[in-house]
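Working notes for the structure below.
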2 protein chains.
Amino acid sequence: MRKTSIKDVAKKADVSIAAVSQILNNKGQRFSKHTIEKVLQARDDLGYVPNSAARNLKGTSNRLIGIIVPSFRMPFFADIIQSMQDNAPADVNLVFLGSTDDNLQSTIYSLVERGAQALIFGKPIPNRAEVNEFLKKRHIPYLVLDQNADINAQDMVQTNEFTGGSLVASHLLSLGHRKIALILPNKLTDNMRQRRAGFLDTLSTSNLSPTTIITTTLSKHGGLAAVHQLIQSESTAAFVLNDEMAIGVLRGLAYQNINVPADMSIVGYDDTDYAEFMIPTLTTVMQPVLEIGKAALNMILRRLDHPNLPFQTAFFDVKLVVRESTGPIKR
Amino acid sequence: MRKTSIKDVAKKADVSIAAVSQILNNKGQRFSKHTIEKVLQARDDLGYVPNSAARNLKGTSNRLIGIIVPSFRMPFFADIIQSMQDNAPADVNLVFLGSTDDNLQSTIYSLVERGAQALIFGKPIPNRAEVNEFLKKRHIPYLVLDQNADINAQDMVQTNEFTGGSLVASHLLSLGHRKIALILPNKLTDNMRQRRAGFLDTLSTSNLSPTTIITTTLSKHGGLAAVHQLIQSESTAAFVLNDEMAIGVLRGLAYQNINVPADMSIVGYDDTDYAEFMIPTLTTVMQPVLEIGKAALNMILRRLDHPNLPFQTAFFDVKLVVRESTGPIKR
DNA sequence: TTTGAAAATGGAAGCGCTTCCAGATTAATT
DNA sequence: AATTAATCTGGAAGCGCTTCCATTTTCAAA
């Protein structure tokens, strides 16, 4: 039951192994039509598929990029993945892996073992220094889709999170809101911190700060669970740090017969697919996710081809998308 | 810039290659404490990670399973992927790939080339016969997450789609609806066909058939676009073949100020995460997606271990989940 | 000491493939 | 017919690793 190997093909076609290899790799101009025919025929008869392990062993392996995301179920990452996959050149292989903080190390290890030549992380790395050392030692470039302290230490893809948060605040202020709640996930990425910072900064220019800051899990259920506190706070608006949670908040408010936006304005972040389908449609901040995924991939490919180029940062602007879930304060 | 290989470690530790190999694979009981120490030290110093290509070459490779889905963005598949990933034994490697009908062939090929030992398809295979021959010839078992004509030709995971459709019809009928629309995606899987069949079958026992059958794209936007026709049909209820589309329908109806369920009842299918967060919450049919993913994976692993066992079919029941989007007919 | 088994280690083959190089065959040119 | 050049093909090394087996070293018991 052994897999058919190049040897089998060679024997069947009655030519040398070398001939088979070259002919099947289109480097066989130097062979006669007849030989080529025999080889192709034998391959098809035997159903031969070259073993890429053996092939890669030789050196010029295909480029393999590992992409590590926290979850496949979050729209943001689903989009990233899809966009990378759609934009990957044919000779590049992408391997997607989900990973919790716990098994990050082993995930990275298995990717490296598999011959990944570069990695892209969808979220911050907990033990950054350690991982950095591990990868640097092996000359494996990587890239983190999150703000990063050291712009000169590696390539980066950034979005203007601070501005994003700020836009939200301005929008709500301009609608007359003064009592604004802030709903955060219990684990913040750097991106989210910036988002928050921008929001708080702009509020403070009006001498305001959030009426309440609610911390909850990063999920629709988390948003739902935050509603109780939100109502207690008597705010007239809330900035929910991402759309997933915002969807939960919308749902929770509806259960309490609190009308959005008449009684309460809600703003999300990410502009996932679902935002424009909510009832009411969700005001949110758009990040060009597809572009981000594409840029990250291209950047890391560029790095592979030119390991010594200076580090680069791709910068993306965000945009406030005003929809139905925000409105002027009720008087 | 060559990657450090076992040879480098051996030299550095001043032992043989064989010793390094065995020690690092925990088959080194026969070595002295001292030697083991040296080797581990050398490995760490050099940052050595064994090359799995070379390792697999030898034969007993790690089990690699390829999973092909149409899209990473559809909640149904995101869930499947997540559940497989969460349930995969440590020694099993999963590779997820998105694929359109067009590049299916090459996707399969690249997976086989990589040494995939089994495949799982998330959706029907267009040119089934051809693919079947290709994979059979290479002794690569596969499994399709869709109903399948030939229960004796391969393992299968099935859900009771017919019953699912039937449950929807019964539910709507019991609420008094007689004018019921059916909204389909323009490409049906076998599963969906069964779903439809169950629905139509039950309707017909009341001598009914859908007031209208609307065909649209399989997406939220598709659902939204179907609303116009739906309204024209003067139906009092609609069965939308999956939640994604149903979300679009809900949104579209809201735009037209048509109240759900007072003016129109809506039923989806899949019970994705979002169903219970819609406003109104969406009545839908629950498939145990996580279980399905897990079962599919286990089944294919079992097949790998025991290629000659008789084919098996895992069968899952579905459940109607009644929520706010359906209600008694208005009189 | 001698002896023999147990413990420790390295040599070398081989996994499937690519690639360099030399050898063989054929065709083209005097 | 002789020589050269062009065309065609196979041998063999080597990629990084595992594994079988032979060899060497150690150590306790005789």
Side-chain angles (χ1 to χ4, degrees), chain A residues 1-40 42-43 46-62 64 91 109-110 112-117 138, chain B residues 1-40 42-43 46-62 64 91 109-110 112-117 138:
Chain A
M1 261 291 250
R2 229 186 68 269
K3 282 255 145 88
T4 73
S5 78
I6 197 172
K7 202 185 288 180
D8 304 315
V9 179
K11 192 185 298 171
K12 173 131 191 172
D14 194 28
V15 297
S16 75
I17 290 178
V20 175
S21 171
Q22 299 188 76
I23 287 171
L24 294 186
N25 287 307
N26 292 318
K27 287 172 186 159
Q29 300 81 343
R30 62 205 190 85
F31 290 96
S32 67
K33 273 256 175 300
H34 177 236
T35 305
I36 293 178
E37 267 314 312
K38 276 194 303 181
V39 169
L40 294 180
R43 177 201 51 189
L46 296 173
Y48 167 73
V49 175
N51 173 326
S52 77
R55 173 177 276 167
N56 286 352
L57 203 47
K58 198 62 191 188
T60 27
S61 61
N62 265 6
L64 207 213
D91 70 323
Y109 192 88
S110 92
V112 172
E113 210 177 27
R114 273 194 170 296
Q117 301 187 3
R138 291 165 186 73
Chain B
M1 261 289 249
R2 229 188 66 272
K3 283 251 143 93
T4 73
S5 77
I6 197 173
K7 201 184 291 182
D8 303 316
V9 180
K11 191 185 300 172
K12 173 131 190 170
D14 193 28
V15 298
S16 75
I17 289 178
V20 175
S21 170
Q22 299 188 74
I23 288 171
L24 294 186
N25 287 306
N26 290 319
K27 288 173 187 159
Q29 301 83 345
R30 61 203 190 84
F31 290 95
S32 69
K33 272 255 172 304
H34 177 236
T35 305
I36 292 179
E37 266 315 312
K38 275 194 303 182
V39 169
L40 294 179
R43 176 200 53 186
L46 295 173
Y48 166 72
V49 174
N51 173 325
S52 77
R55 172 177 276 165
N56 287 352
L57 203 48
K58 198 60 190 184
T60 26
S61 61
N62 264 7
L64 207 213
D91 70 325
Y109 192 89
S110 93
V112 172
E113 208 176 29
R114 274 198 168 296
Q117 302 188 2
R138 290 164 186 75

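Bear in mind the structure is a predicted one, so any value in this text is a computation, not a measurement. Note on naming: letters A, B, ... go to the chains in the order of the sequence lines (proteins, then strands), and numbering restarts at 1 for each one.
Between A:Val20 and B:Ala54, the residue anchored nearer the 5' end of DNA chain C, judged by the nucleotide with its closest heavy atom, is B:Ala54.
Residue A:Ser5 has its side chain nearest to C:dC17 when only C:dC15, D:dC17, C:dC17 are considered. Nearest to the side chain of B:Asn51, among D:dG16, C:dT19, C:dC17, sits D:dG16. Of the candidates D:dC17, D:dT18, C:dT19, the closest approach to any side-chain atom of B:Asn25 belongs to D:dT18.
Put simply, OH on A:Tyr48 is 6 Å from P on C:dT18, counting in whole angstrom units. Between the NZ atom of B:Lys3 and the C1' atom of D:dC15 there is a distance of 14 Å, rounded to whole Å. With rounding to whole Å, B:Asp8 atom CG is found 13 Å from D:dC15 atom C1'. For B:Lys7 and D:dG14, the NZ to P distance is 9 Å, given to the nearest whole Å. Computed from coordinates, the A:Ile23 CD1 to C:dT19 P distance equals 15 Å when rounded to whole Å. A:Lys11 places its NZ atom 14 Å from the P atom of C:dC17, with the value rounded to the nearest Å. Atom CZ in B:Arg43 sits roughly 17 Å away from atom C1' in D:dG16 (whole-Å rounding). A straight line from CD1 of B:Ile6 to C1' of C:dG10 spans 13 Å, rounded to a whole angstrom.
The side-chain hydrogen bond (donor to acceptor under 3.5 Å, both in side chains) search around B:Ser16 returns none, not counting sequence neighbours. Every residue two or more places apart in sequence or in another chain that forms a side chain to side chain contact (heavy atoms under 4.5 Å, CB included) with A:Ile36 is listed here: A:Ile23, A:Phe31, A:Leu40. Looking at residues two or more places apart in sequence or on another chain, you find no side-chain hydrogen bond (donor to acceptor under 3.5 Å, both in side chains) involving A:Asn26. Under the side-chain hydrogen bond (donor to acceptor under 3.5 Å, both in side chains) criterion, A:Asn25 pairs with A:Arg55, not counting sequence neighbours. Under the side chain to side chain contact (heavy atoms under 4.5 Å, CB included) criterion, B:Ala13 pairs with B:Val15, B:Lys38, B:Val39, B:Ala42, not counting sequence neighbours.
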With the criterion being N/O to N/O and under 3.5 Å, what pairs connect the protein with nucleotides 6-13 of chain D, and how long is each?
unit_1: D:dC8; atom_1: O5'; unit_2: A:Arg30; atom_2: O; d: 3.4
unit_1: D:dT9; atom_1: OP1; unit_2: A:Ser32; atom_2: OG; d: 3.3
unit_1: D:dT9; atom_1: OP1; unit_2: A:Thr35; atom_2: OG1; d: 2.6
unit_1: D:dT9; atom_1: OP2; unit_2: A:Ser32; atom_2: N; d: 2.8
unit_1: D:dT9; atom_1: OP2; unit_2: A:Ser32; atom_2: OG; d: 3.4
unit_1: D:dT9; atom_1: OP2; unit_2: A:Thr35; atom_2: OG1; d: 3.1
unit_1: D:dT9; atom_1: O4; unit_2: A:Arg30; atom_2: NH1; d: 2.2
unit_1: D:dG10; atom_1: OP2; unit_2: A:Ser16; atom_2: N; d: 2.9
unit_1: D:dG10; atom_1: OP2; unit_2: A:Ser16; atom_2: OG; d: 3.3
unit_1: D:dG10; atom_1: O6; unit_2: A:Arg30; atom_2: NH2; d: 3.2

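Residue B:Lys27 has a polar side-chain atom (N or O) positioned under 4.0 Å from OP1 or OP2 of D:dT19.
Taking CG from A:Asn51 and CD1 from A:Ile6, the interatomic distance works out to 10.5 Å, rounded to the nearest 0.5 Å.
Remark: side-chain polar atoms of B:Asp8 are paired, donor with acceptor, to backbone N or O of B:Ser5 under 3.5 angstrom.
At the heavy-atom level, A:Ser21 lies under 4.0 Å from base atoms of the strands shown.
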